[in-house]
*Asks:* 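This structure is in structure tokens; I'll ask about it shortly.
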Amino acid sequence: MEETTNNNEEKKSLNFIEEIIEEDLRNGVNEGRVHTRFPPEPNGYLHIGHAKSICLNFGLGKKYNGKTNLRFDDTNPVKEDVEYVDSIMEDVKWLGFDWEDRLFYASDYFEQLYEYAIILIKKGKAFVCDMNAEEISETRGTPTRPGKESPYRGRTIEENLDLFTRMRKGEFPDGAKVLRAKIDMSSPNMHMRDPIIYRILHTSHHRTGDQWCIYPMYDFAHGQSDSLEHITHSICTLEFEVHRPLYDWFIREIGIYAPRQIEFARLNLTYTVMSKRKLLDLVKEGFVQGWDDPRMPTICGLRRRGYTPESIRNFAETIGVAKRDNVIDVSLLEFCIREDLNKRANRLMAVLNPLKVIIDNYPDDLVEEMNATNNPEDESRGKRKVPFSKTIYIEQDDFMETPQGKFFRLSPGREVRLRSAYIIKCESVVKEPETGRILEIHCSYDPMTKSGMAESNRKVKSTLHWVSAKHAVTAEIRLYDRLFIKENPDEVEEGKTYKDYFNTNSLKICSALIEPAVISAKNLDKFQFERIGYFAVDKDTTPKNLVFNRVVPLKDSWNKNEKK
RNA sequence: UGUCCGAUGGUGUAAUUGGCAACACAACUGACUCUGGAUCAGUAGAGUCCAGGUUCGAACCCUGGUCGGACAACCA
């Protein structure tokens, strides 16, 4: 519909990465080929920050008719596990991306990488060093002070070859020796100070088993892996900018194809943390119930919470990509899921804090099937039947004995519409004598105002949701709030840690009375409970116990005014 | 007292590459509404980190500062 108004097709501006790619395309670099990759380490679950990278890499592949690989950078067997490999593949697929037949592992290249190391040794560009971790660290210098050369730096090529071969054979224990690149101990770039490229690790690997006892360092594997896969644009986060000269050095010395690395700023979100380590702490220390706890910014957490792949992709698109540090307001993420669910989630009525309403002039045993619209945004979703009877429940918040301010819901003597049903009028209030607590309210209904009836269009100030007492289904409801009480939990005061800002009210469990149509709901089904919010069926649901997660509440301008 | 990177409304991203700051979220008005949702209309909010310079003209180029981030794991 937008395109009908302006035919001079408003072209969307390019982000800086697309600009670089298009420039390369114009210059005929790589024969016009675009090939990206998403290279996670299988040592944890993916989070929304990874989603940004996934959408970027796969999005670019798609946009430029190129390809995108999935490659696991699995060079550290002590931290990695197939559990993570599986979850990562599941998450990428769920987000809607396809690596087709291009699933790779850095461990696929171990033999090749070993050969590359031999090349370096033969060129006199790498040496076996016998110093231990502490000694190496001490001689590395600091960013402002040059390091000292290793006493083993001068070993002959033959000696290095012999030692490295024996390292591979398993003749030395963990930590006894490392292979180092011979570059420059006085380089202002710490990564160029004779970096370690191979270490001894007598640990079995999740894919290569006990085939190897030496493993390449990430820096020695990543760039070459990209090269081997003929990646044209290696997109990564900012912290690897300083590594680029090293990658370039390896590629040049080994003499292989050079991809172009482009760095972008990682995503930060308000009221949460985004590092794998911190997320793991929250799981291990029981702040949350697992990686897929719906409060977690992990992909599996968001999925369980009720987020859709479309909403996350749209979020990634909306936040854009640049090089400056950024913190995105969670409200943008919430906007994206509301926007999506508004169009696709069917409506249901559910009461969280019930207040009993008896309609005195309604026949005792009558049950009427009301016609309710499933989704007013999409008439094709049709209608459903909602049973109505003499005793119903409404939300406690929807009644005020002495209405204040602009409260225009139910109160004594006032009329309101019951959604998809009748207009009722509050006639009296029954209270507990001692406490004054409201027990129930009595109303009358106007039979001529049934929804859909010709004369039903009388204007009333508000419409309330409701459920029929004898037909309602009970469900467990989990209400989530932000994980932390501080916008940036990483910004800690003296003597505190991000954990001190954990929001102890981030999960509230309550129950709800829901209209009977809910019983057919299956895991991950999403609904809008009218006037409350979007809810998704949780996997903890059993035939006896329906469990819903609140994805996000509806915007509430009344509640907002109240808080002022 | 190093190297690299960055700096545009509250937040994020733009600005046809030197032509007079736009879009989205958030906020606020109002209209409409059988969801105080959605939708629609509108308002406010930056003169682009600072100081110089080049130019008819600078958010874009140059110089010098300031501030912020990354880098000293046998992690990735």
Side-chain angles (χ1 to χ4, degrees), chain A residues 11-15 19 39-41 43-44 73-76 78-80 129 131-133 136-137 140-147 174-180 187-193 195-201 215 217-219 221-222 237-245 263 265 270 276-277 318-329 331-336 338-339 342-343 347 349 372-373 376-377 406-409 416-421 423 449 451-452 456-465 528-533 553-561:
Chain A
K11 61 178 170 191
K12 211 172 161 290
S13 59
L14 304 175
N15 64 50
E19 229 148 67
E41 183 193 14
N43 71 338
D73 272 341
D74 53 353
T75 54
N76 184 3
V78 313
K79 289 189 177 174
E80 296 150 8
C129 181
M131 292 198 291
N132 61 36
I136 290 179
S137 161
R140 199 180 332 261
T142 70
T144 55
R145 236 191 303 278
D174 286 5
K177 288 177 171 20
V178 289
L179 182 69
R180 293 228 251 167
S187 169
N189 182 339
M190 299 290 292
H191 299 279
M192 302 298 271
R193 322 245 260 227
I196 292 166
I197 58 182
Y198 262 94
R199 72 298 213 184
I200 300 171
L201 244 33
Y215 291 93
M217 296 291 290
Y218 171 84
D219 279 347
H222 184 79
T237 45
L238 249 29
E239 67 266 31
F240 295 106
E241 208 156 21
V242 242
H243 296 236
R244 195 172 54 205
E263 306 86 5
T270 53
K276 278 188 197 171
R277 199 208 88 225
T318 308
I319 59 176
V321 55
K323 292 190 75 162
R324 69 187 88 115
D325 294 331
N326 62 86
V327 188
I328 310 283
D329 202 322
S331 64
L332 181 61
L333 219 208
E334 294 177 345
F335 165 79
C336 290
R338 280 197 195 100
E339 185 187 44
N342 177 45
K343 285 178 299 196
R347 314 284 119 129
M349 289 195 283
T373 303
E377 305 292 317
K406 284 192 199 153
F407 182 88
F408 41 79
R409 276 112 91 151
V416 295
R417 154 81 58 190
L418 289 178
R419 175 115 240 225
S420 308
I423 289 175
T449 58
S451 275
S456 73
N457 287 329
R458 195 160 86 226
K459 295 280 176 258
V460 287
K461 288 274 249 183
S462 87
T463 299
L464 308 186
H465 60 276
Q528 182 197 103
F529 291 169
E530 291 207 66
R531 304 209 306 133
I532 303 177
L554 245 33
K555 278 210 216 164
D556 185 351
S557 47
W558 161 245
N559 195 12
K560 197 186 286 179
N561 284 329

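Below, chain A is the first sequence line, B the second, and so on; all start at residue 1. No hydrogens, no waters, no symmetry mates; every other heavy atom, side chains included, goes into these values.
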*Asks:* So which nucleotide from B:U17, B:G68, B:G6 ends up closest to the side chain of A:Arg324?
*Replies:*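 Nucleotide nearest to A:Arg324's side chain: B:G6.
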*Asks:* In terms of side-chain heavy atoms of A:Ser13, which of B:G36, B:A15, B:G12 is nearest?
*Replies:*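 Nearest to the side-chain atoms of A:Ser13, counting from C-beta on, is B:A15.
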*Asks:* Let's test this: given Watson-Crick or G-U wobble pairing with both distances under 3.5 Å, identify the partner of B:A15.
*Replies:*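 None - no nucleotide pairs with B:A15, as no candidate has both distances under 3.5 Å.
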*Asks:* Checking all strands, does A:Ser462 fall into the base, sugar-phosphate, or nothing category for heavy-atom contacts under 4.0 angstrom?
*Replies:*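 No contact.
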*Asks:* Rounding to a whole Å, what distance do you find between A:Asp325:CG and B:C49:P?
*Replies:* 16 Å
*Asks:* Hey, does A:Gln528 reach any base, or is it just sugar-phosphate, or nothing, if we go heavy atoms under 4.0 Å?
*Replies:* base
*Asks:* Could you check how far CZ of A:Arg193 sits from P of B:U3, rounded to whole Å?
*Replies:* 12 Å
*Asks:* Looking at B:G6, which nucleotide sits across from it as a Watson-Crick or G-U wobble partner, both distances under 3.5 angstrom, or is there none?
*Replies:*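 Answer to the pairing question: B:C67, which forms a Watson-Crick or G-U pair with B:G6.
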*Asks:* Using a heavy-atom cut-off of under 4.0 Å over every strand shown, decide if A:Val460 touches base, sugar-phosphate, or nothing.
*Replies:* nothing
*Asks:* Measure NZ/A:Lys406 against C1'/B:C28 and give the value in whole Å, please.
*Replies:* 12 Å
*Asks:* Assign A:Arg409 to base, sugar-phosphate, or nothing according to its heavy-atom contacts below 4.0 angstrom with the strands shown.
*Replies:*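 Base, at least one base atom sits under 4.0 Å.
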*Asks:* I'd like a table of atom pairs between the protein and nucleotides 72-76 of chain B - only N or O on both sides, under 3.5 Å - with the distance next to each one.
*Replies:*
residue: B:C74; atom: OP2; partner: A:Arg140; partner atom: NH2; Å: 2.7
residue: B:C74; atom: N4; partner: A:Met131; partner atom: O; Å: 3.0
residue: B:C74; atom: N4; partner: A:Ala133; partner atom: N; Å: 3.3
residue: B:C74; atom: N4; partner: A:Gly175; partner atom: O; Å: 2.9
residue: B:C75; atom: OP2; partner: A:Arg199; partner atom: NE; Å: 3.3
residue: B:C75; atom: OP2; partner: A:Arg199; partner atom: NH2; Å: 2.7
residue: B:C75; atom: O3'; partner: A:Arg199; partner atom: NH2; Å: 3.2
residue: B:C75; atom: O2'; partner: A:Asn76; partner atom: ND2; Å: 3.1
residue: B:A76; atom: OP1; partner: A:Thr75; partner atom: OG1; Å: 2.8
residue: B:A76; atom: OP1; partner: A:Arg199; partner atom: NH1; Å: 3.4
residue: B:A76; atom: OP1; partner: A:Arg199; partner atom: NH2; Å: 2.9
residue: B:A76; atom: OP2; partner: A:Tyr218; partner atom: N; Å: 2.9
residue: B:A76; atom: O4'; partner: A:Glu41; partner atom: OE1; Å: 3.4
residue: B:A76; atom: O3'; partner: A:Asp73; partner atom: O; Å: 3.4
residue: B:A76; atom: N6; partner: A:His243; partner atom: NE2; Å: 3.4

*Asks:* Looking only at atom types and distance, does a side-chain atom of A:Thr237 sit under 3.5 Å from a main-chain N or O of A:Glu239, one as donor and one as acceptor?
*Replies:* no
*Asks:* Flag the pair A:Thr373 / A:Arg347 as yes when at least one side-chain heavy-atom distance between them is below 4.5 Å, and no otherwise.
*Replies:*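 Not touching, per the 4.5 Å side-chain cut-off.
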*Asks:* Would you say A:Glu377 and A:Gln528 make side-chain contact, with heavy atoms under 4.5 Å?
*Replies:* no
*Asks:* Give none if B:C60 has no partner; otherwise give the nucleotide forming a Watson-Crick or G-U wobble pair with it, both distances under 3.5 Å.
*Replies:* none
*Asks:* Considering Watson-Crick and G-U wobble pairs with both distances under 3.5 Å, what does B:U54 pair with?
*Replies:*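 Across all strands, not a single nucleotide pairs with B:U54.
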*Asks:* Taking O4'-C1'-N9-C4 for purines and O4'-C1'-N1-C2 for pyrimidines, is B:U48 syn (within 90° of 0) or anti?
*Replies:*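 Anti for B:U48; the angle lies over 90° from 0.
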*Asks:* Over 60° means perpendicular and under 30° means parallel, so tell me whether A:Phe240 and A:His222 are parallel, tilted or perpendicular.
*Replies:* parallel
*Asks:* Any donor-acceptor pair under 3.5 Å linking the side chain of A:Thr449 with the backbone of A:Ile423?
*Replies:* yes
*Asks:* For A:Arg244 and B:U3, give me the distance from atom CZ to atom P, rounded to whole Å.
*Replies:* 17 Å
*Asks:* State, with a plain yes or no, whether a side-chain heavy atom of A:Arg531 is found less than 4.5 Å away from one of A:Arg419.
*Replies:* no
*Asks:* Report the base-pairing partner of B:A46 (Watson-Crick or G-U wobble, both distances below 3.5 angstrom), or none.
*Replies:*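 Its partner is none (no Watson-Crick or G-U wobble pair with both distances under 3.5 Å).
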*Asks:* For B:A38, give its Watson-Crick or G-U wobble partner with both distances under 3.5 Å, or none.
*Replies:* none
*Asks:* What N/O pairs connect the protein and nucleotides 38-40 of chain B at under 3.5 Å? Give each pair on its own line.
*Replies:*
residue: B:A38; atom: O2'; partner: A:Asn342; partner atom: ND2; Å: 3.2
residue: B:A38; atom: O2'; partner: A:Glu377; partner atom: OE1; Å: 3.3
residue: B:A38; atom: O2'; partner: A:Glu377; partner atom: OE2; Å: 3.2

*Asks:* Do A:Leu332 and A:Ile319 have side chains that approach each other closer than 4.5 Å (heavy atoms only, starting at C-beta)?
*Replies:*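 Yes, at least one pair of side-chain atoms sits under 4.5 Å.
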*Asks:* Does a donor on one side chain and an acceptor on the other come within less than 3.5 Å for A:Ser331 and A:Asp329?
*Replies:* yes
*Asks:* Looking at A:Arg193 and A:Thr142, would you say the former's side chain and the latter's main chain have a donor-acceptor pair under 3.5 Å?
*Replies:*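 Yes; judged by distance alone, with no hydrogens or angles, the pair exists.
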*Asks:* Within the structure shown, what part of the strands sits under 4.0 Å from A:Ile328 by heavy-atom distance: base, sugar-phosphate, or nothing?
*Replies:* sugar-phosphate
*Asks:* How long is the line joining CG of A:Leu464 and P of B:G37, in whole Å?
*Replies:* 14 Å
*Asks:* With the side chain counted from C-beta on, respond yes when A:Leu554 and A:Glu530 share a heavy-atom pair under 4.5 Å apart, and no when they do not.
*Replies:*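 In short, these two side chains do not touch, never coming nearer than 4.5 Å.
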*Asks:* Tell me the interatomic distance from A:Asn189, atom CG, to B:C5, atom C1', rounded to whole angstroms.
*Replies:*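 These atoms are roughly 12 Å apart.
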*Asks:* For B:A7 versus B:A31, give the span between their P atoms, rounded off to a whole number of Å.
*Replies:*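 After rounding to an integer number of Å, I get 43 Å for this pair.
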*Asks:* Could you say whether A:Gly452 or A:Lys323 is positioned toward the 5' end of RNA chain B, judged by the nucleotide with the nearest heavy atom to each?
*Replies:*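 The residue mapped nearer the 5' terminus is A:Lys323.
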*Asks:* Would you mind classifying the nucleic acid contact of A:Arg347 as base, sugar-phosphate or nothing, using non-hydrogen atoms under 4.0 angstrom?
*Replies:* base
*Asks:* Starting from P on B:G12, measure out to CD on A:Glu334 and report it in whole angstrom.
*Replies:*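 Spelled out: CD on A:Glu334 to P on B:G12 is 17 Å.
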*Asks:* If we take the P atom in both B:C23 and B:U43, what is their distance in whole Å?
*Replies:* 11 Å
*Asks:* Taking the nucleotide of RNA chain B with the closest heavy atom to each, which residue, A:Ala322 or A:Thr318, is nearer the 5' end?
*Replies:* A:Ala322
*Asks:* Where does B:G47 land, syn or anti, given syn is within 90° of 0?
*Replies:* syn
*Asks:* Taking the C1' atom of each, how far is B:A38 from B:A70, in whole Å?
*Replies:*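 One C1' to the other, the span is 44 Å.
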*Asks:* Pick base, sugar-phosphate or nothing for A:Phe407, based on heavy-atom distances below 4.0 Å to the nucleic acid.
*Replies:* base
*Asks:* Are any side-chain N or O atoms of A:Arg338 and backbone N or O atoms of A:Pro553, one a donor and one an acceptor, separated by less than 3.5 Å?
*Replies:*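 It does hold such a pair.
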*Asks:* Checking all strands, does A:Glu530 fall into the base, sugar-phosphate, or nothing category for heavy-atom contacts under 4.0 angstrom?
*Replies:* base
*Asks:* Has the side chain of A:Asn132 got a donor or acceptor atom that lies under 3.5 Å from a matching backbone atom of A:Gly175?
*Replies:* no
